[in-house]
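Okay, structure first, notes after.
A, B, ... follow the sequence lines: proteins, then strands. Residue 1 opens every chain.
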Amino acid sequence: MSKKIQAIRGMNDLLPEQSPLWQYFEGQVAALMLRYGYREIRTPIVEQTALFARSIGEVTDIVEKEMYAFEDRNGDNLALRPEGTASCVRAAMEHGLLHNQTQRLWYQGPMFRHERPQKGRYRQFHQVGVEAYGMQGPDIDAELILLSARLWKQLGLFEHVTLELNSLGSLEARAAYRSTLVAYFESHFDVLDEDSRRRLSSNPLRILDSKNPDMATMLAGAPQLLDHLDAPSREHFAQLTALLDAAGIDYRINPRLVRGLDYYSRSVFEWTTTALGSQGTVCAGGRYDALVEQLGGKPTPAVGFAMGVERLILLLETLDLVPAQSQHGVDAYLLAIGERAEHQALLLGEQLRDVLPDLALHVHCGGGSFKSQIKKADKSGARLALILGEEEVAQGTLGLKYLREEREQETLPRDAAIERLRELLR
RNA sequence: GUGGGUGUAGCUCAGUGGUAGAGCUCCGGAUUGUGGCUCCGGUGGUCGUGGGUUCGAUCCCCAUCAUCCACCCCA
């Protein structure tokens, strides 16, 4: 067992039983993006390490200890992408998509982070990301939230997720607040637990989120982010909440909502669920107005979010919201009994598919008794067993046996059989 | 990176210091070319891996790997 090569830890195979549900989800997403006028972009899975270091932040956990980074044969520093926004910005800039225009983009694909796997958290996981460029008003922030809300409604998840909102203020306001906060924490250094002391330099805003009861009193007295917002950010946030109110989207303002990536400023939001255990964030994002410039482009306002596909799939399963039609089956199963029939079956299958493009047909291969073949036909879930035995071959007919309904089995000349199939597929 | 739980047949799991079982699945038969239900039979395991204790280890001990859950982090 141990000598066999296994999948990499935290990287999962997606088996045939699962793929219809993924396809259902992906189909819903793609159709939704079309309806909102977002266009798909596909970028490489590997980028220069520097792209992520400069965008996500040098001292974040993601960059410091979770990236799959390596040197390629040329000695270049490359990394498997840990998220999609940086690549999206890079590609959009590189191809002039952000030049004097607004842009609505989305993407989908695997991301990689070297974390300890647990429920809803894997080393290779999939995100759907949605990004909008060149628009600074809160209307586009609201659009993204409405878009995600519509997806939850389509999937039946809306009642099971909660929207949390916060504003981090402008980059300057955020930096100033950060300094104030660090000074406050340093003056209470003796109360800080080990985790918080570590976070003092990496992500001090996170300390506010600590669940340690010993720090509760100290945290309650900490300076509040919302009190340190700059006026434009405050106004932006007020307008965003007003738009959501008007649209009838409930939200909870969470002053402690802090995103882990350095590039966020102003609006940030998170959709969470309590049904998945500790990895309850199912979708999250926010504004990153400074990132494009930071990566060498012209100043360009930007907002975006990403959804965790595994978590959403898990949620659909947990809540029993998997639609029945996402179970793919086959319409008919062609049996071949006897040497002559076996020779003809494949060709007959091709003829049927030529004239019946909607037919999902499973042609039996590998021989076996009549009984074993019809058992397999039954297990395949097919509505019909098409029977090609010695008699049918000799007479140029085809047997049709109905496996799921009370209906007499019939044996028809080939042409008539095709017509019958055509009727049944309608 | 830290802590805890779990690794026995393809799957779900029993079990014992004397080298293993059930249910389901799969294959065959009862029914020469007719599935689902029933009955009968069969295939299938170096008991995760390596070491230690022991006359003897699947069981006890250590290590290791995998997996699950939580911390952390985040989608």
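Nucleic acid contact for A/Glu270: none, since no nucleic acid atom lies under 4.0 Å from a heavy atom of the residue. Contact annotation for A/Leu403: base contact, defined as any heavy-atom pair under 4.0 Å involving a base atom. Within 4.0 Å (heavy atoms only), A/Glu83 reaches no atom of the nucleic acid at all. A/Glu310 comes within 4.0 angstrom of no nucleic acid atom, judged by non-hydrogen atoms across all strands. Residue contacts shown for A/Gly10 are limited to sugar-phosphate atoms, with no base heavy atom under 4.0 Å away. Here A/Lys401 lies in heavy-atom contact (under 4.0 Å) with a base. Contacts of A/Ile387 with the nucleic acid, taken as non-hydrogen atoms under 4.0 Å apart, include base atoms. Within 4.0 Å of A/Arg404, counting heavy atoms only, lies at least one base atom of the nucleic acid. Backbone-only engagement by A/Gly277 is indicated by non-hydrogen atom pairs under 4.0 Å involving sugar-phosphate atoms exclusively. As judged by a 4.0 angstrom heavy-atom cut-off over every strand, A/Tyr333 is placed among residues making no nucleic acid contact. Residue A/Ala377 is out of contact with every strand shown, counting any heavy-atom pair closer than 4.0 Å.
As the counterpart of B/G21, B/C13 is assigned, both hydrogen-bonding distances of the Watson-Crick or G-U wobble pattern falling under 3.5 Å. Pair assignment for B/G7 gives B/C65, based on Watson-Crick or G-U wobble hydrogen-bonding distances that are each under 3.5 Å. Base pairing annotation: B/U2 forms a Watson-Crick or G-U wobble pair with B/A70, both donor-acceptor distances under 3.5 Å. Under the Watson-Crick or G-U wobble criterion, with both distances below 3.5 Å, B/A75 has no partner in any strand shown. Base pairing of B/C39 is made with B/G29, judged by Watson-Crick or G-U wobble geometry with both donor-acceptor distances under 3.5 Å. Pairing for B/G44 is absent, judged as Watson-Crick or G-U wobble with the two contacts each under 3.5 Å.
Residue A/Arg206 places at least one side-chain N or O under 4.0 Å from the OP1 or OP2 atom of B/C74. Phosphate contact (OP1/OP2 of B/C73, side-chain N/O of A/Arg199, threshold under 4.0 Å): present. Dashed line: the shortest gap from a side-chain N or O of A/Arg9 to OP1 or OP2 of B/U67 is under 4.0 Å. Using a 4.0 Å cut-off, some side-chain N or O of A/Gln118 falls inside it from OP1 or OP2 of B/A70. The phosphate of B/C69 has neither OP1 nor OP2 within less than 4.0 Å of any side-chain N or O from A/Ser278.
B/U25 and B/C11 are spaced 15 Å apart, taking the P atom of each and rounding to whole Å. A distance of about 36 Å separates the P atoms of B/A75 and B/A63, rounded to the whole Å. The separation of B/C24 from B/U64, taken at their C1' atoms, amounts to 33 Å, rounded to a whole angstrom. Separation of the P atoms belonging to B/G51 and B/G4 is 26 Å when rounded to the nearest angstrom. Only the C1' atoms considered, B/U58 is 10 Å distant from B/G15, to the nearest whole Å. Remark: the separation of the C1' atoms in B/G36 and B/C74 is 48 Å, to the nearest Å.
A heavy atom closer than 4.0 Å to some atom of RNA chain B occurs in A/Phe370, A/Lys371, A/Ser372, A/Ile374, A/Lys375, A/Lys376, these being the qualifying members of residues 361-376 of chain A.
A/Trp271 and A/Trp152 have perpendicular rings, their planes meeting at more than 60° on a 0 to 90° scale where under 30° would count as parallel.
Here the rule is side chain to side chain contact (heavy atoms under 4.5 Å, CB included) with A/Tyr24, and of A/Leu155, A/Val322, A/Val29 only A/Leu155 fits it.
Closest to the A/Arg116 side chain, of the nucleotides B/C72, B/G4, B/G36, is B/G4. Side-chain atoms of A/Pro117 lie closest to B/C68 of the nucleotides B/C73, B/C68, B/A66.
A/Gln395 places none of its side-chain heavy atoms less than 4.5 Å from the side chain of A/Pro413.
On a pure distance criterion of 3.5 Å, a polar donor-acceptor pair joins the side chain of A/Arg311 and the base of B/C74. A donor-acceptor contact under 3.5 Å links the side chain of A/Glu392 to the base of B/G33. Counting atom types as modelled, A/Arg121 pairs a side-chain N or O with a base atom of B/C73 as donor and acceptor under 3.5 Å.
One interatomic measurement links the two molecules: CZ of A/Arg81 to C1' of B/A75, which rounds to 13 Å at whole-angstrom precision. Put simply, CG on A/Leu398 is 19 Å from P on B/G33, counting in whole angstrom units.
Because its NZ or CZ atom is not both nearer than 6.0 Å to the ring centre of A/Phe52 and within 45° of the ring axis, A/Arg81 does not count as a cation-pi partner of that residue.
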